[in-house]
Amino acid sequence: MGVKQISKSLKASGNALGDHFYQLKVLSQKEIEDGRFENFNNKINTAGVPVIKPSHLEIFQLNIGKLCNQTCAHCHVDAGPDRKEENMSFETLERCLYLIKTYGFKTVDITGGAPEMNPHFRWFVENCSILGVKVMVRCNLTIIMANQKYADLPQFFATNKVHVVSSLPHFSASRTDAQRGDGVFEDSIAALKKLNDVGYGKEDSGLMIDLVYNPSGAFLPGDQTTLEAEFKRQLKRKFDIVFNNLYAITNLPISRFLDYLLETGKYLDYMHQLVDAFNPATLNGLMCRNTISISWEGYMYDCDFNQMLDLKFTGKAKHINDFDVDEVLNRNIIVNNHCYGCTAGSGSSCGGEIAS
């Protein structure tokens, strides 16, 4: 049985897991008596890596809001239509643009929620494009079909050479809709066709569209190369759709997926899967080593997952208004047991597998 679609965010429904402190309490095994597993700190220490440090600054990732047109069951952001107040301000986006330009970030990775719903989204993308940096947008696809004001997004993306990254749990309607809601697959296919029509995924167009696969239950993703080949074959055969790459991403045990694991009694089994699959070869390629993640309020985190657990940067500089490049580069990256999700098997990051 896969993850079931939900109608409200954890926060709006009053679920205890809407509080990041409670999530950390669960992850820290404070309520577990039987079936305990080795803490991640101990695991990496045994692997000869007592502390994870940044390697360099390359990717500037920002979550510009939790407002979304969907309420996906696996969403680690707990985004949805009821998260209307959590949108990054114009002033914060201006500050982000200054940091990107000043410190030479090569890639800007824009996520949400549905980032396109932020009222300043297009201004920010256009100005990043002017800087000449690579711009990635985590588009859920259905936003293109949600309202007429978003219908021109494919052309907007193409004009600004945006690298589009979109979640598509499966090439079948039943499995996609089970995770993301009724009708999502149909709208996703329609949006992909519109993106193909303006050149995305087409050879020599220079317009990149990558898809993201998340498992639909309490198991690890299969081999990324095999999955990509099958997705390409099926989407081309059934819908004449093309794309560039498939990213296989492990579901981390936080937010709504953690809620699913606890509700179904699968939490400990899943954690033991992650622990047993720990691969020390992934540690050098972790996304937290070359990425900083910015919340809609402007606070700095090691990654998007730490952001959702409110595990802010170590050191004095925790907000972009106090950005100190030396402190950022010399900080210790904060880890907890959810980090097993990024180090299991071939590893997992916002760009898919990280170790062969």
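What's counted below: heavy atoms across the whole structure, side chains too, no hydrogens, waters or symmetry copies. From a predicted model like this one, the values you see are computed outputs, not experimental measurements.
Between the side chains of Thr142 and Gln70, at least one donor N or O sits under 3.5 Å from an acceptor N or O. The closest side-chain donor-acceptor pair between Asn306 and Ser293, if any, does not fall under 3.5 angstrom.
Ring-centre distance between Phe323 and Phe313: not below the 6.0 Å cut-off. Between Phe121 and Phe124, the distance from one ring center to the other does not fall under 6.0 angstrom. Ring-centre distance between Phe257 and Tyr270: below the 6.0 Å cut-off.
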Tell me, with the steps shown, if Leu246 and Lys232 meet side-chain contact (heavy atoms from CB on, under 4.5 Å). CA-CA 9 Å; Leu246 181 80; Lys232 284 187 172 181; over 6 Å; no
Show your working on side-chain contact (heavy atoms from CB on, under 4.5 Å) between Ile294 and Met88 and close with a plain yes or no. CA-CA 10 Å; Ile294 313 299; Met88 189 175 282; 4.3 Å; yes
With side-chain contact (heavy atoms from CB on, under 4.5 Å) as the test, would you mind laying out the steps for Val26 and Leu258 before giving the verdict? CA-CA 9 Å; Val26 174; Leu258 178 58; 4.2 Å; yes
Quick one: do Leu97 and Cys128 satisfy side-chain contact (heavy atoms from CB on, under 4.5 Å)? Show the steps, please. CA-CA 7 Å; Leu97 197 66; Cys128 285; 3.8 Å; yes
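Salt-bridge check for Asp310 with Lys312: passed, with a basic side-chain N closer than 4.0 Å to an acidic carboxylate O. Under 4.0 Å is where a charged nitrogen must lie from a carboxylate oxygen, and between Asp78 and Arg83 at least one such pair does.
Put simply, the side chain of Asp82 gets close to the backbone of Ser9: a donor and an acceptor are under 3.5 Å apart. Looking at Asn63, its side chain never comes within 3.5 Å of a backbone N or O of Trp296 through a donor-acceptor pair. Judged purely by atom type and a 3.5 angstrom limit, Thr159 uses its side chain to pair as donor or acceptor with the backbone of Gln155.
Here Ile354 contributes atom CD1 and Thr343 contributes atom OG1; the two are 8.0 Å apart, rounded to the nearest 0.5 Å. Gln224 CD to Phe231 CZ: the interatomic distance, rounded to the nearest 0.5 Å, is 11.0 Å. Note: Tyr340 OH to Lys43 NZ = 5.0 Å, rounded to the nearest 0.5 Å. To the nearest 0.5 Å, atoms CG (Asn196) and CD1 (Ile241) are separated by 6.0 Å. To the nearest 0.5 angstrom, Leu309 atom CG is 5.0 Å from His338 atom NE2. In this structure, Leu67 CG and Lys84 NZ are separated by 8.0 Å, a value rounded to the nearest 0.5 Å.
For the pair Met208/Asn245, a side-chain contact is recorded, criterion being any heavy-atom separation below 4.5 Å from C-beta on.
Considering only residues two or more places apart in sequence or on other chains, Lys134 meets the salt bridge (Lys or Arg N to Asp or Glu O under 4.0 Å) condition with none of them. Contacts of Glu126 classified as salt bridge (Lys or Arg N to Asp or Glu O under 4.0 Å), with partners at least two apart in sequence or in another chain: none. Applying the ring-ring contact (aromatic ring centres under 6.0 Å, His included) test to Tyr299 and every residue at least two apart in sequence or in another chain returns His319. In this view, Asp304 satisfies the salt bridge (Lys or Arg N to Asp or Glu O under 4.0 Å) rule with no residue, not counting sequence neighbours. Under the salt bridge (Lys or Arg N to Asp or Glu O under 4.0 Å) criterion, Asp152 pairs with Arg122, sequence neighbours left out.
Heavy atoms of other residues, nucleotides or ligands lying less than 6.0 angstrom from CD of Glu94 number more than 12. More than 12 heavy atoms of other residues, nucleotides or ligands sit less than 6.0 Å from atom NZ of Lys318. Other residues, nucleotides and ligands contribute over 12 non-hydrogen atoms within 6.0 Å of the NZ atom of Lys202. Within a 6.0 Å sphere centred on CD of Gln234, other residues, nucleotides and ligands contribute more than 12 heavy atoms. Taking a 6.0 Å sphere around NZ of Lys238, one finds it holds more than 12 heavy atoms contributed by other residues, nucleotides or ligands. Counting non-hydrogen atoms of neighbouring residues, nucleotides and ligands closer than 6.0 angstrom, the OH atom of Tyr98 reaches no more than 12 such neighbours.
For residues 324-335, the set of pairs meeting the side-chain hydrogen bond (donor to acceptor under 3.5 Å, both in side chains) definition, not counting sequence neighbours, comprises Lys53-Asn332, Asp302-Arg331.
Between Leu261 and Ala218, the shortest heavy-atom distance links the atoms CD2-CB, 3.7 Å. Closest approach of Ala190 to Met145, counting heavy atoms only: CB-CE, 3.7 Å.
Between Phe305 and His76, the ring planes are tilted. Angles from 30° to 60° get that label.
Among Asn336, Asn337, Asn39, the one residue that satisfies the side-chain contact (heavy atoms from CB on, under 4.5 Å) test with Ser28 is Asn336.
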